[in-house]
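Source: prediction; values computed, not measured.
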Amino acid sequence: QVQLVESGGGLVQAGGSLRLSCAASGRTFSSYAMGWFRQAPGKEREFVAAISWTGITTYYADSMKGRFSISRDNAKNTVYLQMNSLKPEDTAVYYCARDGVVGGSWYPKTGVAGYDYWGQGTQVTVSS
């Protein structure tokens, strides 16, 4: 059983920054790509960013490019999401998730169906 635990959320003013962390249990963390999603009240869960299992390749939703950065430390079984220049519309619960496929040629998955394990989420609130 894989457990993902997010942390680092909170309240920040517009223009500020936050760094989210997602700690994973298990010995196979480095074999899987990871992703971040977010869900605002009344909206569907949306893709934010993804990172390959090596950490070399990353992919972002268009609205996050240049502001958000995903990274990982396989020695610590942790994936990060650095969020800069935050806007009120970034307010949401942020989730990390594990890509459901191991091995092969990786391609970023932007749909929730592409991920098999999810964390409980961490709230990010950006005030104007």
Side-chain angles (χ1 to χ4, degrees):
Q1 185 74 10
V2 174
Q3 288 188 324
L4 303 175
V5 180
E6 301 97 334
S7 61
L11 174 64
V12 63
Q13 289 187 333
S17 299
L18 282 175
R19 188 194 195 201
L20 306 183
S21 299
C22 171
S25 64
R27 301 179 181 178
T28 60
F29 175 78
S30 60
S31 299
Y32 289 86
M34 298 292 293
W36 283 96
F37 285 73
R38 70 185 186 184
Q39 188 166 18
K43 295 188 177 181
E44 294 187 351
R45 194 166 297 189
E46 68 169 337
F47 172 78
V48 173
I51 187 167
S52 63
W53 52 82
T54 62
I56 293 174
T57 307
T58 58
Y59 183 79
Y60 299 90
D62 286 344
S63 60
M64 287 71 164
K65 287 180 181 177
R67 299 191 300 124
F68 291 10
S69 177
I70 188 172
S71 61
R72 67 190 296 162
D73 185 338
N74 285 341
K76 295 182 178 180
N77 276 19
T78 301
V79 62
Y80 304 97
L81 184 68
Q82 177 68 44
M83 305 186 295
N84 300 323
S85 301
L86 284 162
K87 307 174 182 179
E89 51 264 43
D90 293 319
T91 295
V93 177
Y94 284 72
Y95 299 89
C96 70
R98 192 185 80 168
D99 191 312
V101 176
V102 61
S105 298
W106 178 70
Y107 65 94
K109 301 172 183 65
T110 60
V112 297
Y115 297 82
D116 57 358
Y117 286 96
W118 294 79
Q120 83 290 347
T122 185
Q123 176 71 48
V124 171
T125 303
V126 184
S127 63
S128 58

Nearest-0.5 Å distance that lies between atom [atom1] in [X] and atom [atom2] in [Y]:
X	Y	atom1	atom2	result
Ser63	Glu46	OG	CD	6.0 Å
Gln123	Leu11	CD	CG	9.5 Å
Gln82	Arg19	CD	CZ	6.5 Å
Thr125	Asp90	OG1	CG	11.0 Å
Cys22	Arg72	SG	CZ	10.0 Å
Tyr115	Arg45	OH	CZ	12.5 Å

Any idea how Phe47 and Tyr59 line up, ring-wise: parallel (<30°), tilted (30 to 60°), or perpendicular (>60°)?
-> tilted
Flag, side chain of [X] to backbone of [Y], donor-acceptor distance under 3.5 Å:
X	Y	result
Gln39	Ala92	no
Asp99	Gly35	no
Glu6	Gly121	yes

Residues that, via side-chain heavy atoms closer than 4.5 angstrom, fall in one hydrophobic cluster with Trp106 = Trp53
When clusters are formed from ILVMFWY side-chain contacts under 4.5 Å, directly or step by step, what else is grouped with Tyr117?
-> Val2, Leu4, Val12, Leu18, Leu20, Phe29, Met34, Trp36, Val48, Ile51, Tyr60, Met64, Phe68, Ile70, Val79, Leu81, Met83, Leu86, Tyr94, Val124, Val126
If you measure from the Lys or Arg side-chain nitrogens to the Asp or Glu carboxylate oxygens, is any gap between Asp62 and Lys65 under 4.0 Å?
-> yes
Distance-minimising heavy-atom pair for Ser128 and Ala14 = CA-CB, 4.4 Å
Identify the heavy atoms of Thr78 and Ala23 that sit nearest to each other, and give their distance.
-> OG1-CA, 4.1 Å
Determine, step by step, whether Val112 and Glu44 satisfy the side-chain contact (heavy atoms from CB on, under 4.5 Å) criterion, reporting the C-alpha distance in whole Å, the side-chain angles of both residues, the deciding distance to 0.1 Å, and the verdict.
-> CA-CA 10 Å; Val112 297; Glu44 294 187 351; over 6 Å; no
Aromatic Tyr32 / basic Arg98 pairing, under 6.0 angstrom, 45° off normal = yes
Would the number of heavy atoms belonging to other residues, nucleotides or ligands and lying under 6.0 Å from CD of Gln3 be above 12?
-> no
